[in-house]
Structures are given as structure tokens and as C-alpha cells.
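Have a look at the structure below, then the notes.
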Amino acid sequence: MATPLPPLRRGTLLLLLAILVGVLASAARADLVISKAERRVDLTSYIVRVLASLKVENVGPDPVSQVLLAFPNIQAKNLAAIRAFGSEGKLKGQSIVLPIEVVQPSGAPPELTFFSALLPKPLEKGKTLHLDVLTVFTHSLQPFPEEITQAEAQLVVYQDSAHYLSPYPVKTQTLTIRLPGGRVESYTRQNAKLVDSELKYGPFQDLPPFSYSPVIVHFENNNPFAVAKEVVREIEISHWGNVQITEHYNIIHGGARLKGEFSRIDYQSRPYVRGVSSFRHLIARLPPRAHSIYYRDEIGNISTSHLWGDSKKTQLEIEPRFPLFGGWQTTFTIGYGLPLQDFVFTSDGKRFLNITFGSPMEEILIEKLIVKVVLPEGSKDIEASVPFPIKQWQEVIFQDDWSVVQVKYSHLDIVGRPVVVLEKPDVIPEHNLYFQVYYRFSNISLLREPMMLITGFFLLFVACIAYMRTDMSISKNSPSYLAKLQWDEVQATVQKIQGIFEQYLAVHDKLEGSLRDLSRTGDTQTCKAARKAADAQFKELSKELKPLLTSLQSSPQSYQIWPKVEDLIAKEREMQEKLMTRHSTVVDSFEKKLRGQDVENRIGQQQQKIAALRQEVESLLEYISEI
Amino acid sequence: MATTALEFLPAPLRSLRLKTKQQELLLRVSTLALIYVLAFIVRLFSVLRYESMIHEFDPYFNYRTTLFLTEHGYSEFWNWFDFESWYPLGRVVGGTLFPGLMVTAAILYRFLRALSFAVHIREVCVLTAPFFAANTTLVAYAFGREIWDSGAGLVAAALIAICPGYISRSVAGSYDNEGVAIFALLLTFYLFVRAVNTGSLAWSLASAFGYFYMVSAWGGYVFIINLVPLYVLVLLVTGRYSQRLYVAYNCMYVLGMLLAMQIRFVGFQHVQSGEHMAAMGVFFLLQACISVSNASPAVCLISAIAASATMKNLTTLIRTKTKSPQAASGKTTGSKAAAKGAVDQSLPFQQNAAIALLLGAFYMLSRYAIHCTWVTSEAYSSPSIVLAARGHNGGRVIFDDYREAYYWLRQNTPPDAKIMSWWDYGYQITAMGNRTVIVDNNTWNNTHIATVGRAMSSYEDEAYEIMQSLDVNYVLVVFGGVTGYSSDDINKFLWMVRIGGGVFPVIKEPDYLVNGEYRVDKGAAPKMLNCLMYKLCYYRFGELTTEYGKPPGYDRVRGVEIGNKDIKLEYLEEAFTTSNWIVRIYKCTLLRLHRLSTLYLVPPARNARLEVAIALG
């Protein structure tokens, strides 16, 4: 090996080997034989995916209902997902997903972890089973060296066994490792063949159970080592038509740490050479018809993001504020809304949410994912169904006590919204499966919040009306209160006086009208009658006016208004007089049959005075009304 | 006419017809409501054009303290000792600020939360200033009505709603003391005038509380405490003393003073009258000289009264003129011509002139409104954290370098890291970067600032020694040479030299100048070319081509090719530079510490002085 490995790791390997040799003796586990094992290891990403295609044969006398899969503990602790697909028969047919559980067979060494794939029906004697086992490992690529400069490429080490570790004998097997391309620093050369970026080990023939032959590959891998320390994904359902998703990320570059300077000029001039190990953007595949997308962090909006969308998906490319080098971290939040009808359905009177579990980010490892499903206020009978084991609990978030660190925002809530919290460590894109949350919710509860608002505003208006209509003063004898009462009285009186004056003016108009009729018809009798009627009306109005005036005069609050009113009365009197004289003059002239010209001459001056007076009276009335 | 149209309506509907008074009330209330809304939304341009964020420098401190207040409660806020600023001295925050703004925002926040509106405190802070500006229009209306009539009140409200001087202090995101203080100022004036007019104890009590609010919100309260006595004095001199005045002033002054003393930052200053008065006088002068915007509400009111009075006179003139022909037409045909002639004879051109003037006034007011809106959207809405420029193709280019750098500090430096920068960026670094700074915008300790100025203007080795004594881990500089952003540290550098030299005579301004000229190119002074600030700004800048057709290392702000292109850093290393080079952060390498202590001998005298300075600070 060109690059020496850290001594500790080598030690554990040797130890493991020794144990395995011991295990060999007690190998005769069952009557299964693996006639052919092909393993493909994909190392192009930070997440390691191993697909093992096994051909299992039952050579024993009894039917077998489970197949054991073994992993050394150091691998098993990084195992994020395991899935098995099986199909029976000589040829590969329709394969079905097999349930998998952790088992601890008797006599098994503690250094190994066993999983058992349960067959739908026992494998009869002499039958063959095709079994595809997909395993996904995290944290299996160790950066080495652990610290690099900005310009250096990132090298990582991968360890595995060239032989398929199995409790059954394996007749023939191969191992293929796919590398991302680029430099391969070193690899275990025994039985190995490197073609392009594919490393092949084997084929190996007739190996006993628990064969183990360590291989180590040390190679360049500059793919984004995006690790989310924690992601909180909040799904809030509103039955007004929206599913709001908010995701908080805390992302770190999990690869080799940056040592020394970060030079912007180097990074700017040749970003793919000087800064090759860094990454500057992440891609999220959101569901179609996602809307109101935002991307921000604790100090505000981040303007570097791009969005494309079609009917199949919405693709969001986000760029953190700065490129992430090894060991650097950043936090941000993305949020988007989804149409309710795409994700919430009803069955048997229950509603259920059907949405993917993991984050929409591509090729990201989430060390701790917390999914919170916030159901509408008033939901009952809540249960969640998730296709893999998780930690789950429920909580009702009440309105938090005015603190800034709010767990959950919820407008106009009274009892709080029930929240289903699902937590899972080591989440990879393979966990992006649909899960369901069932609950009961009645549509009437929808109207609660609008009704609350309506009631609130209604009460506000009622309160306003009540306030305006009630007398709130404490003391009924205080001078200011009395003054206010008097003022109200004065105002009422003044209004009445105004009414009377308007009547006066109406009578004036009537008189004018009678004159006009006279000039048209020449009927002096009706005109005289009109004058008499007007006289009577004037008298009546004066009678009405008298008590009002005395009460106004006696009020202490009228000091401002009284002179004006007096003035008004004087003007009105004068105008009445003038009108009357003019009236008699015109009637007189008509009786004497004078010419129109002469009449005009006789009344011209009066006419002007009356117009001036009328204007004065009107302006005085207006002035009073403004007070 | 509307009235004639109404006559055709059926009788029940006609009874719905409003009386003139009611019409007027409806019109007044709806105008006022429109002004209120206008005052609020005209200030939202900044949110529209940028985003809902806190602006500039001081508002970041206010935001940070408000956050603290809402998180930790009032008593802890009152006793808050802030370790994150003025390292190693710290700052007694509770005793060195006007808490009115923060308390207002916190109360608004709690109120909204109590109504179960789940808002974030940031949104409350961003919208506090526009909200109070809208409230100011109401006070302006009441004030205008109190001293003239409701028409003047409306015009005053409208003018104050769009007054550019006020808008510049109260756009959304400008979370500063003036935002609420101008409201408090006008409110106090209004309440006091009201108290004098009515002689009511209740109103003068209210004005005392208004004054207390003003004192708690802004140092500009001395504006009131000088103006109110002045007003009283003028009343006395003109012989308009009355019992009402006596009641109003006595109650307001005594209570107001007692209340004002409850603000820790003011305290007994308020009663040490002579000293306070002198300070007041100076402050008043400064106030009048420096910020026109603060005096603008008064100007607004006066102009409002003038404008509304003019308009009113003109409209009445027109109204009488339009009325009289109508009246004349109602008369007998015979007398019609004569009457008309008489009216026209008495006032030949007045009506036309009045219409022309009114149109002119209307035109000018509408131009003013348009201008104010434009100025608000263009000039006053920039948050100055995010810079916007026009790109080559006319598109908008955003420079978000400040937040890039602050967020990098927040995420990728140890939580206890100490950042040294010029004081302008102190509040922003503590609020957005969440890291300890040496100096910040609360420039209470000149020696400390001078120490930083000295470090920036010294050679790297000397500067390193100063930085070691201050426990500095990172140095942050702002540099505009790549983008052409002119308010950068090189342009501020002479101030650092002057302030540094003011306390430490080793720093001499002429050392950085050539024949009294400030240059950064080949002809610059040698000390300039090798001082820390120059090195940090221009480190590796000589390799960069900034403009087509110019040599590498062409500074786009100063318009010259820099003089020192071969900068080597010994004690610092580049830690981060933002994408447009506006903020550059350097890390102090600790490895050289040992070498320094053995090889580098500090002249004892200077060292002693430095320590004294720090101890004093």
C-alpha cells in the first residue's frame, strides 16, 4: 500500500480476521448454499450503496423460511438502510420486497450483526431463490488526509471485504467497486483489476462460510460531502387549501477539513481547481405545483437561488451565502406551499396526509431528521404510519408564553394545534418514502377562526356604539359637565332657530314666486292673497322664535353665538320690510298699469339691497351652523 | 350636483341623505383614514424593493436589545451587562440606552401575541417605525385642529405623512429611536397645548406622561424641555398669563421631571439644572444645525396651517362667487341683468385669480407628494446592508457581501472569537455575526477606539502586539476597490489615523500623507503602503484585474493602480473574503506567538502606555 493507514484501523481489521477464523468452525448453520454472489459497490457519492445479487439454493432436507445476512459491527453501525427483494425459480422473475429484521442466532459471534430476510413461503429442498440485497452505508468514506488546503483534492479511504461475508458457503462470487473517476491513490492489489474507474475483485470459487479478505481503496472523491447535522421539517396542514412546508437545515461539509487560508482570488480565478473539494450549491427537488418558495436564514433573505418548474417537479437550486469547504457549516431555512388536494385525502371518514418523509435535497445525509406534522386545531384520533422504524411522539403546542423562541406559530389559536413528531437518525435519499398521518377533523372547525374575527369586530363596534350613547361622566354636578349639558342645549336651540330661518327664506321665495306669476298673468288678487298668507306666516314664525331666543339669551354658553343670532334677526327684519315694500310697489305699479321699464326703475334699488341682505343672511346662517 | 340627484330617489332613501355636518364628518374621517394608510404604506417601499430587514447600523443594536428584552424579560434587560461588545471592558447596556423603543416594540409584540397573531419579533421591529409614523399623522391632525381648525389638521396630517425628512427616519426597517420619538415629541406638544388651552389637570398629566415617553425614547427630549419653557416664557412676556397656563406647566414640569429621572440613562442629570440647561442649549443648536429632519414636524405643521388657510380662503372666495350668480338667477327676469352686473362690477377678476391660485397650489402640493414618494422609493429605502447596482444589461445586481461575511463569522468561527474592526461595523457584527467586538457604534470610550485606530495604522508586527493584548482572533476590513463601493475602510482610514494619533502620539498623520495628499498608488507614503489597514485591504489585490483595459491591482474607488502589489502577511492569514471582496476577514495565527515573544522586543515605555490606556478604558 502506498499510503499507510492509521495503526488503529489496521489493528481492528486483524482482530476481526482472527475472530472470523474462530467462527468458521461453528459455521454449519443451515442447509443453504449461495451458488453465486455478485456485489456492486457504488462509491461515486458520499453515501455508499452496495447491491448484492445472491442466488440461494436449499441443499438440505427441510424447507427454509429465512435467509441470514451478516455484517461486521463496524459496518453495521453505519448501515442506514437495508432492503431485500426476492424471487423464486430458475429464472429471475417478479421480485417481491422481503421483510427484514435484526436477529441474534445462537452461537453467533458478537462482532457480527445479523439480519434475517423472511421468505413469503419456505424455500423447498432443491429450489433456488434470487435475492437482491441493497444496503446503504453512511460515514464509510474516511477522508485521508484529514486536513487539506484549498487547492488540494479530497482523498478518501474505503474498506470492505473482497469476499462476501456470509454464514453460508459461497460457490462463486465477484466484487465490483465503482469509483467516481479521477486519481486512485492505492488499492489492495490481490486478485484485483482496475479498468477505467471500476475496480474488480474475483471471481473467487468455493469459499467457506464467514470468509473475509480485507480490501482498502484510497481514491479521490470531490463530490459534495453535504451532511445535515439536523433537519427539522415542519408540515403544517391548513384545510383552507394549503400544506405549508418549512425545513430548517444545519449543513456541514463532512469531508476533509480546510487548513490554512481561504483565498478568494484563487477560488475566483479557477474554482474547479482551487476549491475542488468545496461545494457551492445544493439542489432540492420539490413536488410539482409548489408555490410561495422562500430561502432565508437567521439574518434575512438569501438572494442566490434559482427555480425551474414543470408539471412533474419543481427544481430549486440554492446557493448558501458562501461556498462550503471541509469543516465549514451553515444554516438556512427553505419553505414552500403545496396544494392541499395533492397530499391530503379521505378514507373511511378519516383524513390522511400522504407525503414523503425525507428532505427534498439531492444526495444529502441527514444525521437527525425531525418531521413535525402540525394538524389543524381540533383534530382528533391521530395516528401515523411510517414504513420504517422511527421514534414518535405527539405534543400539543400551546401558545408559548410570549418568548421569541417560538416552537410553532399559529394564528388565532386557542387550544393549540396537535403536532405529530417523528424522529429518525441517519436519513438518506432512500428514506424518501411516503408516510401517512391519519386524523379526524370536522369542517365546521374551519369556520371557527373567521367567526372569531367577525365576533371580535362586532363586539368592537358594539362597544363603540355603547360608548358614544352612554354618559360616562362620574360627577353629575361638576362645572365642566354642566357646561357640556348647557352647550348641548344651546346647540339644539340654535338648530331650531336655523330651521325657522330656513322657513323664513322659503316664505321669501314664495313671495318672489307670486311676483313672477303676477308679471305673467297680471292677476293682482292672487298676488295680494299670497302677501297676506306670507304676513300670517311671518307672524307665526316670529311667535315660534320668541321662546327660543329667550332661552338662548339666558344660557351662559351662548356668549359666542348670541351676537350673531341677534344680527341675523335684525337682518331678517330688514329684509322682510324691504320685501314687503317691493311687493306693494310692484303690485301698485301693476294696478296703475305702468310700463315694465318704469317698474324696473322703481324697484331697482330695492332689488339690489334685498339681494345683498339675502346673501348676508345666508352667510350668517352658514357661520352659525359651523359653530 | 349630488343633492339634485338625490331628489329623484324614493322617499325612504331620501331620508338616508346625510346632513351637511354628517357629510363633513364622513369626509373628514375617511380622509384621515386614507392619510393614515398612506403614511404607513409609503414607508413600505424598502420591504418591497429589498426585504423585511433591519437597516443600517444603530438599528441592529436596537434589534439585538429588543430580542434580548423579549427573550429574558424586563428586569434582566434592565441589568444587562453585555460581554459581547467593547471587549474586554463590556458595556452596561441597561444603563446606557433609551429603552423606549425596545419596550414599545416588545409591548407591541406581546400585544399581538396575546391576540394570538403569531408574528416574529423582527417583523414587529421592522414595522414599528411606519406604524408610529402613521400614528403621528393622527397626532398632527389633532394638533392642527387644536391650534387652528380641522382643515389645517388634515393638511398637517397629509404633509407629515409624506414629509421626506421624516420618511427618511421612519421607513420600514429603520428601527431607530427617532421612529417613535417624533411621535412622542408631537404628542407631548399637542397634549401640553391642549392642557394650556383647557387648564385641565388631566391633560397636563397626559402631557407629563407624553414627556416621559419621549425621554425614554430619545436623547432629543431636551428639544421639548427647552421649547415648552420657551413657549411659556413667550406667553408670559406677551401678558397672556392665566391660571390654566400655571396648572398646565407646573403639573407637566414637576411630574415630567420625576418620571424622566426614572430613566437610568438620564437619572439625576435632569435636576442638575444649570449643567443640563447648558448641555441643552448646545444640543439644541446642534439639533438645529445637523438634522433638519428632526425639526421638520414643526415645519410641517406651520406650513400646513399656512397652506390650509390659503386654500380655505381661496375656496370660500370661489364659493361665494359661484353662489351669487345662482342667487341672482333665481330673481325675477326683470332684475336679473342689473343684479348680475352689480356683482361682477364689485369683484372683477378676483374669482379667476382665485381659481388660478388654487390650481397652482393644488399642482404644487401634488408635485410635492409625487416627489416625496419618488424620493422615498429611490433614496430612503436602501437598507445599506444590501447594496444594489445596475448591471451592464440594465438588470439589478445585488451585493449581499456584508451578510455573507457576518454569516460566515457566525457559522465558522469559535463562539468566543473576538473580532477587531473599525467601530462602524460593531453593532452589525454583534447582531448578525453574534461575535464579540472590540469597539462598536456606541462610541463611549475614545481610548479604546484609538487603540483600534492605532493597530490599523501601525506596521503589522506592532499591530499584532496590540491585537494580542486585546485578545483579537479575527480582523475585519471593508474594501470597495473591486466593486467601486466608496464608503470603505481605506476612505475612512485617515479618521483612524487621527483618532489613533489623538491618544497615541506615535501615530502621526503626516506620515500617511505625501505633501498633504492622501494617496494609495506608487507615490504614497511608505508608512501608508505598509500599515496594517493597507495590507489587509490590498492583500493579493495586485493579482486581480478589476476593469478591462486597466492594469491588475486597479482600485476602482480611488481610480489608481495600487502602490504595493507584493504584500506578504506574517502574523495574519486570509480567513474569508466575500464574493465581491467588500468584506475581508483575517485570522491571527497563533503559531507565531512564541517566536514573537522571543524575537520581538517591545519598547517598555510604549507598552506601558498601552496598558494604561486599556486599564483606563
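Each chain gets a letter, A, B and so on, in the order the sequences are listed, and its residues count up from 1. The structure displayed is predicted, hence computed values, not measured ones.
The part of E51(B) that comes within reach of chain A is its side chain, from C-beta onward, which places non-hydrogen atoms under 4.5 angstrom from that chain. There is no contact between M53(B) and chain A, counting heavy-atom distances below 4.5 Å. Contacts between T331(A) and chain B at a heavy-atom distance below 4.5 Å involve backbone atoms as well as side-chain atoms. Interface remark: L544(B) contributes backbone and side-chain atoms alike to the contact with chain A (heavy atom separation under 4.5 Å).
The distance from atom OG1 of T304(A) to atom CD of E404(B), rounded to the nearest 0.5 Å, is 8.5 Å. With values rounded to the nearest 0.5 angstrom, Y63(B) atom OH is found 10.5 Å from I299(A) atom CD1. With values rounded to the nearest 0.5 angstrom, N301(A) atom CG is found 8.0 Å from D400(B) atom CG. A distance of 7.5 Å separates CD of E543(B) from OG of S263(A), quoted to the nearest 0.5 Å. The distance from the CD atom of Q411(B) to the CZ atom of F332(A) is 10.5 Å, given to the nearest 0.5 Å.
Using cut-offs of 30° and 60° for the angle between ring planes, the W328(A) and W408(B) rings count as perpendicular.
The backbone N or O of N412(B) sits nowhere less than 3.5 Å from a side-chain atom of Q329(A) that would complete a donor-acceptor pair. Here the side chain of R403(B) pairs no donor or acceptor atom with the backbone of I302(A) at under 3.5 angstrom.
Under a cut-off of 6.0 angstrom, the local environment of NZ in K496(A) is sparse, with at most 12 non-hydrogen atoms contributed by other residues, nucleotides or ligands. Within 6.0 Å of the OH atom in Y74(B), the count of heavy atoms belonging to other residues, nucleotides or ligands exceeds 12. Within a 6.0 Å sphere centred on CZ of R28(B), heavy atoms belonging to other residues, nucleotides or ligands number more than 12.
The minimum heavy-atom distance between S579(B) and Q268(A), with the atom names listed, is O-NE2, 3.2 Å.
There is a side-chain donor-acceptor pair under 3.5 Å between E261(A) and Y539(B).
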request  = Start with the C-alpha gap between R264(A) and E574(B), add the side-chain angles, then the distance that decides, and say whether side-chain contact (heavy atoms from CB on, under 4.5 Å) holds.
outcome  = CA-CA 9 Å; R264(A) 176 62 72 172; E574(B) 186 177 353; 4.0 Å; yes
inquiry  = Working note: W581(B) + I265(A), criterion side-chain contact (heavy atoms from CB on, under 4.5 Å); need CA distance, chi angles, decisive distance, verdict.
reply    = CA-CA 9 Å; W581(B) 291 55; I265(A) 189 164; 3.7 Å; yes
inquiry  = Using side-chain contact (heavy atoms from CB on, under 4.5 Å), reason through R410(B) and E298(A) one step at a time and then give a plain yes or no.
reply    = CA-CA 10 Å; R410(B) 189 187 185 108; E298(A) 286 150 274; 2.8 Å; yes
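No other option in I585(B), V386(B), I398(B), T578(B) has as many heavy-atom pairs under 4.5 Å with chain A as T578(B). Your options are G260(A), P320(A), S303(A), S269(A), and the one with the most heavy-atom pairs under 4.5 Å with chain B is G260(A).
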